[in-house]
Amino acid sequence: MEIKELYKLYQQHPCITTDSRDCPEGSIFLALKGESFDGNKFALQAIEKGCAYAIVDDPELTTGDKRLILVDDCLQTFKDLAREHRRQFDIPVIGITGTNGKTTTKELIAAVLSQKYNVLYTQGNFNNDVGVPKTLFRLTKEHEIAVIEMGASHPGDIKTLAETAEPTCGLITNVGRAHLQGFGSFEGVIKTKCELYDFLRTREDGLIFINADNDYLMDQIGDEEEIWLSPYSTDPEKQYTCISGETIACDPFLKFRWREPLMTLEEEGRSTKWHKVQTQLVGSYNIDNLLAAIAVGINFGVDRKKICAALEDYTPSNNRSQMTVTAKNHLVVDAYNANPSSMQAALENFSMMQADHKMAILGQMGELGDDSDMEHRQLVSYLEAANYDEVWLVGDNFKDIDCPFRKFHDVEEVKAAIKSHCPEGYYILIKGSNSNKLFQLPELL
């Protein structure tokens with residue numbers, strides 16, 4: 001069955017489920033495969049539960065039942081259907097990727113744009129080849145703009161997601177040393193993230209938002225004039241940027257100021273007013289994410305005062321740049337993602353905080369390939385120089401590194417240690433990949 005024909009079927013049954021435990025009456029079940037499951041095995045069960053049709057890619061299921069629709073590849077069909085659905089809406093679609101900060105930036109952009117538009121944006125971390133189609137299927141005629149987060153761990157991932165979502169504009173937050181096992185090298189990271197730029201080059205109306213201070217990204221642009229650039233920078237003297245800004249304070253919450261380029265203001269007869277913003281974000285590194293949201297907001301005509309209000313009202317969640325005060329400690333929780341660049345940024349920011357006693361609980365960094373041991377040793381060297389009162393290291397990647405810090409096999413051992421003797425009176429940084437499960441610790445501290 002051709003995609004356009006299949007999409008007509010979807011229009012008659014506008015609900016796709018990939019979970020046989022959730023089969024709304026009249027929906028379409030799509031049989032995805034994973035490392036430990038095969039949705040084809042549940043197709044008939046899904047129909048019995050109420051699905052009108054089941055899309056499968058196992059030829060053995062061709063029983064003559066017209067409710068079973070055989071395709072070559074269910075995942076590819078899912079993406080193709082999502083693209084066909086996206087094409088029904090002539091609205092701006094903003095693609096966001098990057099090594100660090102893409103989820104926070106996505107939420108900040110959505111908060112800013114929501115001051116003027118009905119915005120569809122990626123919920124949670126649905127940023128892969130299953131999550132992006134699911135987000136696109138949430139598009140309705142009420143939406144005026146979409147913000148789609150795109151994650152990657154292998155070359156070609158962003159290319160595939162961009163071809164599915166077909167963004168009209170895009171933003172790369174940064175590039176760093178993450179998922180090196182999948183990308184092969186740091187150069188592989190840059191090339192893969194810039195697949196978003198490559199896609200936008202195929203569009204006549206392609207718009208790139210870019211951090212003008214990031215040399216790695218600027219090197220990918222050159223002097224190409226066919227792409228409209230909307231740069232932003234933390235250097236207020238860069239007159240060519242769309243907006244510029246600088247940190248005022250960060251102890252612990254980031255306060256910064258921003259302004260538009262002088263030449264633009266002079267042309268429009270307005271003053272060179274600085275806009276001050278007090279955020280609820282911990283970490284001076286978040287200024288890049290905030291400036292990105294401002295640049296997007298200005299390009300889409302959001303009122304400057306409303307931009308500032310949206311940024312001030314935004315409260316982080318999902319264990320990202322969160323400050324939590326308990327009865328015993330002050331916690332800086334950033335326990336969703338960890339790689340060498342994000343770890344360094346978090347530690348540098350934590351070192352600048354004013355506190356009598358500091359403690360760091362850090363989880364190991366994954367998917368670093370041959371660089372893993374080197375990166376973990378460099379992290380330990382930084383910690384030795386940082387002079388924190390206490391450092392706890394979680395994960396076997398730290399096991400063979402000689403250092404004075406307390407080591408734990410996993411989060412369960414950490415939880416046992418806390419229950420035995422809970423630290424009190426500390427500022428505690430909790431940083432690690434989601435797989436370390438350090439998000440379980442705040443309620444104990």
Side-chain angles (χ1 to χ4, degrees), residues 100-101 104 249-254 279-286 315-366 375-445:
N100 305 311
T104 298
C250 191
D251 192 21
F253 298 112
L254 173 61
T279 77
Q280 300 177 62
L281 288 164
V282 175
S284 57
Y285 49 84
N286 275 302
T315 302
S317 59
N318 298 325
N319 300 303
R320 291 180 172 93
S321 301
Q322 287 179 256
M323 184 72 177
T324 302
V325 180
T326 71
K328 298 178 181 179
N329 301 288
H330 289 71
L331 309 180
V332 180
V333 185
D334 195 358
Y336 194 88
N337 179 44
N339 55 60
S341 54
S342 69
M343 189 71 82
Q344 180 181 350
L347 288 169
E348 287 177 351
N349 182 75
F350 189 59
S351 294
M352 290 188 293
M353 287 187 181
Q354 300 299 312
D356 293 333
H357 301 288
K358 291 183 181 180
M359 177 179 182
I361 304 177
L362 307 180
Q364 65 185 8
M365 301 173 288
E375 295 291 357
H376 283 88
R377 290 183 183 277
Q378 287 183 354
L379 172 59
V380 168
S381 296
Y382 180 92
L383 291 166
E384 288 177 330
N387 198 32
Y388 300 146
D389 295 85
E390 286 267 359
V391 175
W392 290 4
L393 303 176
V394 187
D396 291 339
N397 286 343
F398 295 108
K399 182 173 61 176
D400 297 327
I401 301 177
D402 184 29
C403 63
F405 307 130
R406 193 170 178 182
K407 300 176 185 178
F408 301 84
H409 169 64
D410 57 21
V411 72
E412 295 303 320
E413 289 189 2
V414 179
K415 289 159 68 175
I418 293 173
K419 290 176 181 178
S420 173
H421 181 70
C422 183
E424 286 192 50
Y426 286 91
Y427 269 64
I428 304 177
L429 171 64
I430 303 174
K431 173 73 175 174
S433 297
N434 198 42
S435 58
N436 291 298
K437 299 181 179 180
L438 300 189
F439 55 81
Q440 298 178 5
L441 301 182
E443 64 181 7
L444 303 177
L445 292 166

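In this structure, the side chains of Leu429 and Leu362 come closer than 4.5 Å at one or more pairs of heavy atoms. At least one side-chain heavy atom of Val332 sits under 4.5 Å from a side-chain heavy atom of Met353. Taking 4.5 Å as the limit, some side-chain heavy atom of Met323 sits within range of a side-chain heavy atom of His330. A 4.5 Å side-chain heavy-atom check between Val394 and Ile361 finds at least one atom pair inside the cut-off. A heavy-atom distance below 4.5 Å is found between the side chains of Ser342 and Lys431. Using a 4.5 Å heavy-atom cutoff, the side chains of Cys250 and Asn349 are in contact. A heavy-atom distance below 4.5 Å is not found between the side chains of Pro442 and Thr324. Residues Leu379 and Pro340 form no side-chain contact, since every pair of their non-hydrogen atoms from C-beta on lies 4.5 Å or further apart.
Of the possible polar contacts, none joining the Gln364 side chain to the Phe398 backbone as a donor-acceptor pair under 3.5 Å is found. Looking at Asn436, its side chain never comes within 3.5 Å of a backbone N or O of Val411 through a donor-acceptor pair. Within the 3.5 Å criterion, the main-chain N or O of Met359 finds no donor-acceptor partner in the side chain of Asp389. Using modelled atom types, one side-chain atom of Asp410 and one backbone atom of Glu413 make a donor-acceptor pair closer than 3.5 Å.
In this structure, Gln354 and Tyr427 approach most closely via the heavy-atom pair O-CZ, 4.5 Å. The minimum heavy-atom distance between Pro316 and Gln280, with the atom names listed, is CD-O, 3.4 Å. When every heavy atom of Pro423 is checked against every heavy atom of Leu445, the shortest pair comes out as CD-CD2, 3.9 Å. Ala360 and Tyr388 get closest at one heavy-atom pair: CB-CD1, 4.0 Å. The nearest pair of heavy atoms linking Val380 to Cys403 is CG1-CB, 3.6 Å. The minimum heavy-atom distance linking Thr279 with Leu281 is given by the pair OG1-N, 3.1 Å.
One distance of note links OG1 of Thr326 with CG of Leu331; it measures 5.0 Å at 0.5 Å rounding. For the atom pair Thr104 OG1 and Asn100 CG, the distance stands at 10.0 Å (nearest 0.5 Å). The line from CG of Asn329 to CD of Glu424 is 7.0 Å long, rounded to the nearest 0.5 Å. Rounding to the nearest 0.5 Å gives a distance of 9.5 Å between CD1 of Ile430 and CZ of Phe350. Summarising the geometry, atom NZ belonging to Lys328 is positioned 10.5 Å from atom CD1 belonging to Ile428; distances are rounded to the nearest 0.5 Å. The CG atom of Leu383 sits 5.5 Å away from the CG atom of Leu347 when rounded to the nearest 0.5 Å.
A ring-ring contact (aromatic ring centres under 6.0 Å, His included) check over residues 399-423, counting only residues at least two apart or in different chains, returns the pairs Trp392-Phe408.
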Original post:
Step by step, would you call Leu441 with Val333 a side-chain contact (heavy atoms from CB on, under 4.5 Å)?
Top reply: CA-CA 9 Å; Leu441 301 182; Val333 185; over 6 Å; no
Original post:
Run the side-chain contact (heavy atoms from CB on, under 4.5 Å) check on Lys407 and Lys399 step by step: do they pass?
Top reply: CA-CA 7 Å; Lys407 300 176 185 178; Lys399 182 173 61 176; 5.6 Å; no
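For Lys437, the NZ atom is loosely surrounded, since the number of other residues' heavy atoms within 6.0 Å does not exceed 12.
Under the salt bridge (Lys or Arg N to Asp or Glu O under 4.0 Å) criterion, Glu412 pairs with Lys415, sequence neighbours left out.
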